[in-house]
> 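Below is the structure I would like to discuss, written out as structure tokens.
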Amino acid sequence: MALDATATEQTHTRICPLCEACCGLEIRTRTTSEGTSVVSIRGSEADPFSHGYLCPKGVALKDLHEDPDRLRQPMRRRADRSGFEPVSWDEAFAEVARRLPPLREQYGADTVALTIGNPASHKIGLFSYFPHLARALGTRNLFSASTLDQMPKQLACGLMYGHWLSVPVPDLPRTDLFICLGANPMVSNGSLWTSPDYRGKAKAMRARGGRIVVIDPRRTETAQAADEHLAIRPGGDVYLLLGLLHTVFDEGLERLGRLAEHVEGLDALRTAVADFPPERGAAHCGIPAETQRRLAREFATTPRAVLYGRFGTCTQRFGSLNSWLIDALNIVTGHFDTEGGLMFPKAAAFAANTLGRPGQGKGVATGRRHSRVGKAPEVMGEFPISCLAEEIETPGDGQVHALITVACNPVLSSPNGARLARALDSLDFMVSLDPYINETSRHADLILPPPSPLEDWHYDMVFAQLSWRNHARWSGPVLPVDADAPEAPRAEWQTLLRLAAIASGLPADADLQALDDAALRAELKRQAGDQADALFGMLEGGAGPARWLDLGLRSGPYGDRFGARPDGLTLQRVQAAPHGIDLGELQARVPEILRTASGRIDLAPSALLADLAHADTALRRPTGDELLLIGRRETRSNNSWMHNLPVLAKGRERCTLLVHPDDAARAGLVDGQSARLSNARGSVIAPVTLSPDMRPGVVSLPHGWGHDLTGSQLSVAARHPGVNMNLLLDEEARDPISGTSVLSGIPVRLSAAEA
Ligand SMILES: Nc1nc2c(c(=O)[nH]1)N[C@H]1C(S)=C(S)[C@@H](COP(=O)(O)OP(=O)(O)OC[C@H]3O[C@@H](n4cnc5c(=O)[nH]c(N)nc54)[C@H](O)[C@@H]3O)O[C@H]1N2
Ligand SMILES: Nc1nc2c(c(=O)[nH]1)N[C@H]1C(S)=C(S)[C@@H](COP(=O)(O)OP(=O)(O)OC[C@H]3O[C@@H](n4cnc5c(=O)[nH]c(N)nc54)[C@H](O)[C@@H]3O)O[C@H]1N2
Ligand code: SF4
Ligand SMILES: [Mo]
């Protein structure tokens, strides 16, 4: 290698956009006459929020940036459908302008469906401008990964506290008993709980005498580092939670303390759970009544304790009930809105629960409309993503003929992706905003790629609202966008605003700055009336999300209020702090945070009370002895889309089926053997890994695999494709109140795969 005397190295800080932990990274780059490249990626020790933590995926940002399969230019499907060809941005948008408006004219606004996936919550440009596109399209057919994930939690929080994003998080650093239900933060790095370095925090907590109990069908990595593991039966959480609450009331262990005057529905809750003593649900949840009672007593009588439930508790038939009962248990035992319990973060910008009149609001509503085919109620403005295929397939008024996917890969991430893939092929027009030609975007007519995260700046709109500690952190771009490539990826807010403009009937080359100015002025008018023009002139950041961020920060709870509080936050101040600004530990926020119509926490929302009757009916049916399939996450994998990065893909096969030795023996299977997993939906073949950590009768496959579909361009992933567990899932199995798919506890048959 020739030495370049002019080479310079530079250190940048960047919030990792790959998972909810939002670690602060330190990225070193080297610039030579050839250009700038990444030399190293480490956790940033100086970050006040993540203190140097990172996982192997953070390091893979270099591979993501350099991945030859990552698209560097818009792609258009060839007319003979033989693959894709690069096109200019002008051509791409001209094609949208040619094809989308006529479909809307012919079939109406609902004919265009929009889906948005997980990475959007990590990209300020996507998250903040997606609503522009949704509004411009005016379609009812909005879908997202939320109904494959956390919608039950958002619904329960919406109903109880009055806003969809008022989601309390466990205050692990100050608790003495942490009960973790259906979550594996050691691997996932936390969810609806932005808390980097679970391992370190858990270790510190146990070192000062704290106890951790993990309740999960598998003895997970989190369970292995806990004091106790209870192997719950998949789908049985609602009965465990009812048994715990029953015990609390039955034994007079409730202790609302300061919250007593801020809740309503306590008697209704007490009455509702009275029919569910621990004995009744013990077989269904697989946890003996006496263990349930002991756990309830321990939880209620430990002054600083917290019960946290996540993904595994949401993606079940009774996901909304689970989410409600988890919070209710914390509230009635005095472990809520107080140190060491569940607490509400207070974000510096964009949090609806810091806006408007404190302590009271409109609450949330659902079911304002229903999906055309399955009649599923709208929740948070969306229909269940598992309804998308039928909306495309079923003829009639309102049929979906066009689709825009934004950072979403539902062919792999949602139940029965095979059906969805067939449906996508029948669309008249499809656009994907995606960096890859993958299982979903291969069906698109146009793929519009984003810049790599290292070429983009960032501020966490969503996760600052879910953080273990309050903070405001901004990262600038680490690498310049390739100036010699005029068709290089463009900022995603621009792509979204351009599509919105076309949907609004404007020409494909409309002036984005003017459109953005107009939208911001309208918002200021709404917020500040006569002062809008003056405030507009004060905002910094140019066009795009930076200027909205300045508005969010300045008008937010720590903001400078445009000079009224001179030492408050502004975009400039946050940008000037290279490692971000620490805003302190979580504080009590009830009643100020509440936005329910009553101004109180609703402990017994009627929609949830009503669903208890169904839990009761289900309890009357015998448990059955079928083998149940659950999922799992892996440190070196992230949902469906990071299997193409060499640093993560290397090493042992990851998409294996974990089977308890007793179940394997019964099926005549040995370690490493190929097993067939099948049910009425389909069948997949995966290698067996024997694992005594599985609850007997439960097997586990990770999700997001199955990279062997023709037409994708994922050369590394295709070498270890794995299988798609979602082919075994029933797209009609949902928690009907939240619309969330059942992704766990799926009955399956296990046998040796014939050679
Ligand atoms: N069986 C089973 N199914 C599951 C789960 C499970 O545990 N088990 N988990 C569920 C959960 S929690 C979730 S959140 C969903 C996720 O569901 P999705 O959001 O549909 O899936 P992801 O794998 O996150 O794929 C995201 C897509 O975004 C693209 N992408 C990545 N970065 C960017 C970017 O910067 N810009 C743009 N425009 N696109 C980008 C990727 O290439 C990919 O196509 O899957 C769900 N599905
Ligand atoms: N490495 C890595 N990290 C990730 C992701 C990833 O794909 N890989 N995905 C990210 C995303 S999108 C999300 S939403 C988060 C999710 O993060 P978490 O909420 O921590 O979810 P999981 O890690 O899937 O853990 C869910 C646990 O629920 C258990 N489980 C399954 N069924 C049941 C049940 O019926 N009852 C109970 N009590 N438990 C059950 C599973 O065995 C599993 O251990 O992780 C994020 N972080
Ligand atoms: S845990 Fe890993 S993937 Fe998640 S933010 Fe941190 S470095 Fe990124
Ligand atoms: Mo997720």
Side-chain angles (χ1 to χ4, degrees), residues 17-21 55-57 64 70 115-123 125-126 144-150 180-193 198 214-223 230 232-237 240 285 308-316 322 385 405-415 432-441 447-453 456 489 492 495 628-642 644 694-695 698 700-704 714 724-726 728-729 741 743-746:
L18 298 176
C19 91
E20 295 181 46
C55 85
K57 292 190 293 299
L64 174 60
R70 185 173 64 79
T115 67
I116 184 161
N118 173 276
S121 56
H122 298 274
K123 308 291 295 270
L126 279 183
S144 87
S146 295
T147 50
L148 301 170
D149 185 356
Q150 83 292 350
C180 180
L181 182 66
N184 187 14
M186 192 73 92
V187 169
S188 70
N189 291 298
S191 183
L192 296 185
W193 180 27
Y198 170 80
V214 173
I215 308 176
D216 197 296
R218 179 167 75 92
R219 191 166 167 271
T220 58
E221 298 76 359
T222 305
L230 300 173
I232 193 168
R233 194 170 176 277
D237 299 65
L240 167 68
C285 72
Y308 162 73
R310 243 319 266 138
F311 181 81
T313 66
C314 286
T315 47
Q316 308 179 6
N322 290 338
I385 198 165
T405 71
V406 178
C408 200
N409 190 10
V411 168
L412 287 194
S413 61
S414 63
S432 287
L433 272 66
D434 208 285
Y436 286 109
I437 303 176
N438 67 10
E439 297 77 14
T440 297
S441 63
I447 309 177
L448 307 176
S452 116
D456 206 359
E492 290 183 287
T495 303
L628 300 177
L629 172 66
I630 63 169
R632 73 176 183 274
R633 296 185 143 73
E634 299 259 332
T635 304
R636 289 176 173 272
S637 166
N638 197 21
N639 294 336
S640 75
W641 71 277
M642 290 179 66
N644 209 51
M694 292 306 300
R695 177 186 158 94
V698 181
S700 159
L701 257 186
H703 76 288
L714 298 164
N724 180 3
M725 75 168 281
N726 287 345
L728 299 170
L729 269 51
S741 287
L743 301 176
S744 196
I746 314 301

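This one's a predicted model, so the numbers in the text were calculated from it and none came from an experiment. Note that ligands are numbered from 1 as they come in the structure, with each ligand's atoms numbered from 1 the same way.
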> In this structure, does ligand 2 have an atom that sits under 4.0 Å from one of the heavy atoms of Arg636?
no
> Can you list the atoms of ligand 2 that are under 4.0 Å from a heavy atom of Leu181?
38 (N)
> Considering all heavy atoms of both residues, which atom of Ala145 and which atom of Ile385 are nearest to each other, and what is their separation?
N-CD1, 4.5 Å
> At a 4.0 Å threshold, what atoms of ligand 2 neighbour a non-hydrogen atom of Asp237?
34 (C), 35 (O), 36 (N), 37 (C), 38 (N)
> Between atom CG of Leu64 and atom CZ of Arg70, what is the distance when rounded to the nearest 0.5 Å?
6.0 Å
> For side chain to side chain donor-acceptor pair (under 3.5 Å), just list the numbers for Arg633 and Asn639, CA-CA rounded to whole Å, side-chain angles, deciding distance to a tenth of an Å, and then say yes or no.
CA-CA 8 Å; Arg633 296 185 143 73; Asn639 294 336; 3.2 Å; yes
> Using a strict cut-off of under 4.0 Å between a residue heavy atom and any atom of ligand 1, list the qualifying protein residues by chain and number.
Gly117, Asn118, Pro119, Lys123, Leu126, Ala145, Leu148, Asp149, Phe311, Ala407, Cys408, Asn409, Pro410, Ser413, Leu433, Asp434, Pro435, Tyr436, Asn438, Pro450, Glu492, Arg633, Asn639, Ser640, Trp641, His703, Met725, Asn726, Leu743
> I'd like to know if the side chain of Thr440 reaches the main chain of Val411, judged simply by a donor and an acceptor atom lying under 3.5 Å from each other, with no hydrogens or angles considered.
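Pair found, side chain donor or acceptor close to backbone of Val411.
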> Go through ligand 2 atom by atom and flag the ones less than 4.0 Å from a non-hydrogen atom of Thr220.
44 (O)
> Counting from 1, what ligand 2 atoms have a heavy atom of Ile215 closer than 4.0 Å?
38 (N)
> What atoms of ligand 2 come closer than 4.0 angstrom to any heavy atom of Gly235?
34 (C), 35 (O)
> So for ligand 2, is Asn189 a polar contact partner (N or O within less than 3.5 Å, distance only)?
no
> Can you list the atoms of ligand 2 that are under 4.0 Å from a heavy atom of Val187?
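With Val187 as reference, the close atoms of ligand 2 come out as 1 (N), 2 (C), 3 (N).
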> Any atoms of ligand 2 less than 4.0 Å from a non-hydrogen atom of Glu634? List them with their elements.
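Those atoms are 1 (N), 2 (C), 8 (N).
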